[in-house]
Amino acid sequence: MTIRLYDTSARQIRDFVPLAAGCVSIYLCGATVQAAPHIGHIRSGLNFDIMRRWFEYRGYDVTFIRNVTDIDDKIIAKSAEQGRPWSAIGYENERAFNAGYDALGCLPVTYEPRATGHVPEMIEMMRGLIERGHAYAADGNVYFDVRSFPGYLELSNQDLDDLRQPSGEGETGKRDQRDFAMWKATRPGEPSWETPWGRGRPGWHLECSAMAHKYLGTAFDIHGGGIDLIFPHHENEIAQAKAYGDEFAKYWVHNGWVTMSGEKMSKSLGNSVLVSEMVKAWRPIVLRYYLGTPHYRSMIEYSEEALREAESAFARIEGFVQRVTEKAGETVEPATEVPPAFAEAMDDDLGVPQALAIVHTTVRQGNSALAADDKEAAVARLAEVRAMLGVLGLDPLDEHWAGESDRGDDLHGVVDTLVRLVLDQRQSARERKDWPAADAIRDQLNQSGLVIEDSPTGPRWTLGPRQ
């Protein structure tokens with residue numbers, strides 16, 4: 001058994017060999033909390049949650065760090081725009097991110113450090129880089145000298161002579177415009193911390209290098225994030241950390257975007273779909289299915305039609321789980337092992353689409369067993385399905401999803417009573433062999449969004465995919 005991952009730095013799929021046998025260390029660039037999260041932000045968290053679950057299934061002890069960038073230019077700009085403290089904006093949105101991760105079933109991370117809690121570590125790293133000749137202070141800023149680090153731009157595969165480094169306001173005193181800011185001199189009204197080079201605040205790239213060093217040491221296994229972070233963020237992280245003396249990350253894993261009309265979903269474009277609103281319109285487990293089941297490196301083009309397709313696909317799985325549970329008369333525990341074909345797909349660069357195909361095949365086999373009244377085979381297939389869904393965080397019987405609002409749980413009892421009255425009328429029509437009337441009642445229920453199934457114990461209803 002060997003897990004293989006696409007390593008951006010190697011530009012190929014590589015066998016995963018951990019630095020420490022039986023252990024995996026992961027650093028994921030998390031939220032920049034200038035605004036509430038859209039589903040594109042949460043996709044990254046979901047993808048790496050599935051990675052973490054698969055490593056744990058394979059017997060690894062996982063240390064998972066996901067940071068919070070709670071100070072940067074965007075947060076400061078929001079503070080000025082809204083007339084609110086930057087810290088209040090950051091904390092409010094950090095809570096919104098965590099609510100989104102939790103709503104969609106992401107497991108708690110090992111540590112979730114905030115940038116502002118690690119300024120001493122940043123100062124220590126800058127001091128070391130200046131002493132080694134890789135950084136310099138100017139006008140209260142501290143810059144990294146990119147020409148001092150020969151491996152610069154190997155991750156993004158760019159030519160230094162053609163580089164256009166993003167720069168912020170107030171970044172004066174650079175020796176070379178391609179150098180990047182690790183520390184920014186204070187400006188009126190902005191938060192600041194005291195350093196040997198004057199008061200100021202950290203640059204985005206320095207934050208992650210310092211936090212990864214603190215929590216994972218000089219070397220760790222996997223650094224993750226969205227593909228938009230490859231340059232400048234991850235490239236600059238590598239330069240700082242390796243110039244400081246760290247080996248840093250062994251593998252670089254990047255997830256694709258959620259797009260709308262071909263463009264990356266982003267706050268700046270005004271095309272974001274907030275998680276807080278989406279979970280009101282769609283069941284969170286359906287959103288997890290939608291965001292988590294495409295391959296992590298693929299792009300997802302957002303549309304309500306695609307969400308409806310995801311809802312319908314998951315309903316087929318969930319319906320099977322419910323039917324077998326009813327027939328068994330008790331909860332069927334997950335199998336101790338997933339089917340070999342599922343494991344093979346997951347080992348191959350987290351091939352969730354191929355793994356999901358095994359889930360649906362097993363569901364079809366289970367439905368055939370139900371149709372043949374083969375309870376033992378149906379139960380065996382459900383055990384396999386639950387094991388596979390558990391790895392994906394999609395098991396509807398998992399305690400996380402217990403009591404999940406299915407478009408208004410508080411009304412379920414009322415709806416059930418009303419539907420039962422209509423079903424009684426349908427049953428009466430069937431008993432007097434008035435098939436047209438019975439079919440008409442069923443059709444009307446289907447048109448209202450209810451799916452009626454005739455079972456040996458009588459008719460049962462579920463909510464079908466929305467039209």
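Expressed to the nearest 0.5 Å, how far NE2 of H205 lies from CE of M182 amounts to 11.0 Å. Atom CZ of R4 and atom OH of Y251 lie 12.0 Å apart (nearest 0.5 Å).
For R364, there are no salt bridge (Lys or Arg N to Asp or Glu O under 4.0 Å) partners, not counting sequence neighbours. Remark: D179 pairs with no residue by the salt bridge (Lys or Arg N to Asp or Glu O under 4.0 Å) rule, at least two apart or across chains. Partners of R58 according to the salt bridge (Lys or Arg N to Asp or Glu O under 4.0 Å) rule, which considers only residues two or more places apart in sequence or in another chain, are D347.
Taking the six-membered ring for Trp and thresholds of 30 and 60 degrees, F144 and H134 have nearly parallel ring planes, at less than 30 degrees apart. Using the six-membered ring where Trp is involved, W54 and Y57 have ring planes that are parallel, under 30° apart on the 30 and 60° scheme.
Geometrically, R283 does not engage F314 in a cation-pi contact defined by less than 6.0 Å to the ring centre and at most 45° from the axis.
A donor-acceptor pair under 3.5 Å is formed between the side chain of H41 and the backbone N or O of H38.
Under the 4.0 Å criterion applied to side-chain N and carboxylate O atoms, E94 and R114 are assigned as salt-bridge partners. In summary, R178 and D176 engage in a salt bridge, as defined by a charged side-chain N under 4.0 Å from a carboxylate O.
When all heavy atoms of F64 and V109 are compared, the pair lying nearest together is O-CB, 3.6 Å.
You'll find the ring centres of Y215 and H118 inside the 6.0 Å limit.
Residues R66 and Y27 have side chains not in contact (no heavy-atom distance under 4.5 Å, counting atoms from C-beta outward). Counting heavy atoms from C-beta outward, D349 and Y296 have side chains that approach closer than 4.5 Å.
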